[in-house]
Amino acid sequence: MTKDRLIDIAAPIVVAILFLGGWEWIVRANAIPPYILPGPWLVAQTLWTDGPSLLQSLLVTLRTTIAALVAATGLGLALAIALAQSRLVERSFYPYLVVLQVTPIVSIAPLIIIWANDVFLSLLICAWIAAFFPVVANTTLGLNSTDPGLNDLFRLYRASRWQRLIHLRLPTALPYFMAGVRISGGLSLIGTVVAEFVAGSGGADSGLAFRILEAGYRLQIPRLFAALILLSLAGVAIHLVLGVISRRVLRGWHESELGAR
Amino acid sequence: MSLLQLQNFGKVYPNGTRALDAIDLAVQPGEFLSLVGPSGCGKSTLLRLISGLADPSAGRIDWPAGAPQASDIGFVFQDATLLPWASIADNVYLPLKLAGVARAPASARIEEALAMVGLAGLGHLLPREASGGMRMRVSIARALVTEPKLLLLDEPFAALDEITRFKLNDDLLRLWRERQLTVLFVTHSVFESAYLSSRIVVMAARPGRIAADLPIAFDGPRTPELRTSAEFAAVCRRVSGHLADGMAAS
C-alpha cells in the first residue's frame with residue numbers, strides 16, 4: 001500500500017472520528033434530549049437493536065431502486081437510440097423529455113399513484129422519471145459524437161444505418177452511457193425515497209422512507225437517524241458497484257479508465 | 001483505357017468558395033500520381049470527390065472500366081482513423097465486416113494485409129499501444145485488405161517524423177509495384193512526391209486548378225540514395241518551379 005493510498009483511507013477516518021466525537025461531546029455537554037438530537041453512540045445502539053426491522057424496509061426500497069435503475073438504463077438507451085435516428089426526431093421530442101425531467105417528482109407523484117393501481121408500479125414509475133434523463137442525455141450526446149474521419153470511413157465502405165449504429169455509434173457512446181448510468185444510480189434511490197414519502201403506505205411492505213416518516217411522527221429520532229444511515233450506506237454502495245461495473249466495461253480502450261491505479 | 005477520367009470537374013462550397021474549377025484529368029491504371037499544391041488548392045477535395053465521399057457541383061467523372069464497388073477503392077486519411085476500442089486486426093477486418101464477410105474466412109486476408117505492412121503477429125494490439133507510424137501502417141493495411149484497384153492517400157505521412165516517413169515511403173513504393181495498384185497521393189511535400197511518383201500534377205489555389213502535369217522518370221532505381229542525387233534535385237527544382245509559377249498566378 002503506497003503512502004498516497006494510506007492517506008486516501010486514513011484522512012476521511014480522522015475527519016469522521018473528529019466529527020462524531022465533537023457531536024457526542026456537544027450532545028452530552030448541553031444535555032440535549034434524544035428526541036431533539038441523539039448522540040452518535042445512541043444512534044449506533046439503535047442501529048444495532050432496530051437494524052433487522054429497518055433492513056427489511058431497506059430491502060423493499062432497494063428492490064424498487066434497482067428495478068427503476070434497470071428500467072432507466074434500458075428505456076433510456078432505447079430512447080437515446082430512437083432520438084439519434086434523426087435530428088428532426090431529436091428536436092421534436094427532446095424538449096418534452098426536459099419538461100419531464102425538470103418537473104419536481106414530488107409534484108407528479110400523487111397523480112402517478114392515483115393512475116397506477118399498484119404501489120410497487122407507481123413507485124417504480126416515479127423513480128424511473130427521476131432517473132432516466134442522464135442516461136438519455138448522455139447516450140444521445142455519445143451517439144452524436146462519432147469521429148468525423150470514422151464517419152467518412154463507414155460511408156466509403158457503404159455501411160448501412162444499422163452497421164453504423166452497431167459498429168460505430170454505440171461503441172462511441174459507451175463511455176457516455178456509463179457516465180449516465182452512474183448518475184442515474186443515485187437518482188433512482190432519491191426518486192424511490194421521494195415516491196415512498198408521497199405514497200406513505202404502511203405495513204410489512206413499506207420502504208425505508210416510510211420508516212423515517214413513522215419514526216419522525218413518534219419522535220423516535222435515534223431510529224430516524226439509524227434509517228438515514230442505512231439509506232446513505234445504500235447510496236454509497238450503489239455508487240461503488242456502478243463504478244466497478246463501469247471500469248470493467250470500459251477497461252482496455254477508453255481514456256477515462258486508463259492509468260487509473 | 002484510363003481508369004478514371006475527370007471532365008470539367010468542379011466543386012463550389014455553399015459559402016461560395018471555388019475549391020476546384022474546371023479540372024480535366026485522366027488517371028491511367030498502374031500510375032503513381034501525386035497531387036502537389038499549396039493549402040487550399042483543393043487537392044484533398046479532389047480525392048474526396050473521386051472516392052464518392054462528396055459530390056461535384058460541376059462536370060463529371062467517368063470510369064471507363066465500370067463504376068467502382070466499395071471494395072475497389074482504398075482510402076488512407078491524414079490521421080490513422082482507427083476504432084480505438086478494436087484491436088489492430090479488428091480494425092483491418094472492418095471493411096470486410098461491413099461487406100458482410102464473416103470473421104473466420106477473413107482472418108487469412110487480415111494476416112496477409114498486416115504482413116504486407118510489416119505488422120505480422122501484432123494484430124492483438126490496441127491502437128493506443130501502437131506508435132504513430134504503426135497506426136498509419138494499420139490504416140494502409142485496412143485500405144488494402146479489400147484488394148482495391150485504386151488507392152487514395154491524403155497526406156498520410158504528414159504527422160510522422162522523417163525517418164518513419166522515409167521508411168513508409170519505401171514500403172508504399174514496394175506495395176505499389178507488388179500489388180500493381182493505381183495510387184493517387186496528396187502531399188504538400190515536393191520531395192516526397194518526386195521520390196514516389198510516376199507522374200506529378202501540380203495544383204494552384206483560388207480557384208483550385210491544375211497548374212502543371214509532369215511525368216517523372218529516373219535513370220536509377222528508387223532507393224534512399226536517389227534522395228541525394230543530382231538527378232533527384234533537378235526533378236525537385238522543376239516541380240518547385242511549377243509550384244511557384246502556379247502560386248504567382250493566383
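Every chain is numbered from 1 and lettered A, B, ... according to where its sequence line falls, protein lines coming before strand lines. These numbers were taken from a predicted model, which means no experiment stands behind them.
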Which distance, rounded to the nearest 0.5 Å, do you find between the CG of A:Leu170 and the CH2 of B:Trp85? 9.5 Å
So what's closer than 4.5 Å to chain A heavy atoms on B:Arg48: side chain, backbone, both or neither? side chain
What part of B:Pro148 gets within 4.5 angstrom of chain A, counting heavy atoms only: side chain, backbone, both, or neither? neither
Of the backbone (N, CA, C, O) and the side chain (C-beta and beyond), which part of A:Asp147 lies under 4.5 Å from a heavy atom of chain B, both, or neither? side chain
From the list B:Leu96, B:Thr146, B:Leu94, side chain to side chain contact (heavy atoms under 4.5 Å, CB included) partner of A:Tyr157 resolves to B:Thr146
Is the CZ atom of A:Phe19 crowded by more than 12 outside heavy atoms at less than 6.0 Å? no
May I ask you to check whether over 12 heavy atoms, not counting those of A:Phe93, lie within 6.0 Å of atom CZ? no
Examine whether an atom of B:Phe75 lies under 4.5 Å from a heavy atom of chain A, and if so say whether it belongs to the side chain, the backbone or both; otherwise answer neither. both
Got a sec: does the CD of B:Glu178 have more than 12 other heavy atoms crowding it under 6.0 Å? yes
CG of A:Leu156 to OG of B:Ser71, rounded to nearest 0.5 Å, is 10.5 Å
Between B:Leu83 and A:His167, does the side-chain contact (heavy atoms from CB on, under 4.5 Å) criterion hold? Intermediate values first, please. CA-CA 9 Å; B:Leu83 303 171; A:His167 300 307; 5.9 Å; no
Give a yes or no on whether A:Gln85 atom CD has more than 12 heavy-atom contacts from other residues, nucleotides or ligands under 6.0 Å away. yes
Flag if over 12 foreign heavy atoms under 6.0 Å of CZ, B:Arg177: yes
Among B:Gln69, B:Arg142, B:Gln78, which residue has the highest count of heavy-atom pairs closer than 4.5 Å to chain A? B:Arg142
side-chain contact (heavy atoms from CB on, under 4.5 Å) evaluation trace for A:Arg158 with B:Leu98: CA-CA 8 Å; A:Arg158 297 170 199 178; B:Leu98 294 177; over 6 Å; no
Please step through side-chain contact (heavy atoms from CB on, under 4.5 Å) for the pair A:Asp152 and B:Leu53, ending with a clear verdict. CA-CA 7 Å; A:Asp152 280 347; B:Leu53 283 176; 3.9 Å; yes
Rounded to the nearest 0.5 Å, what separation is found between the CG atom of B:Asn91 and the CG atom of A:Leu150? 8.5 Å
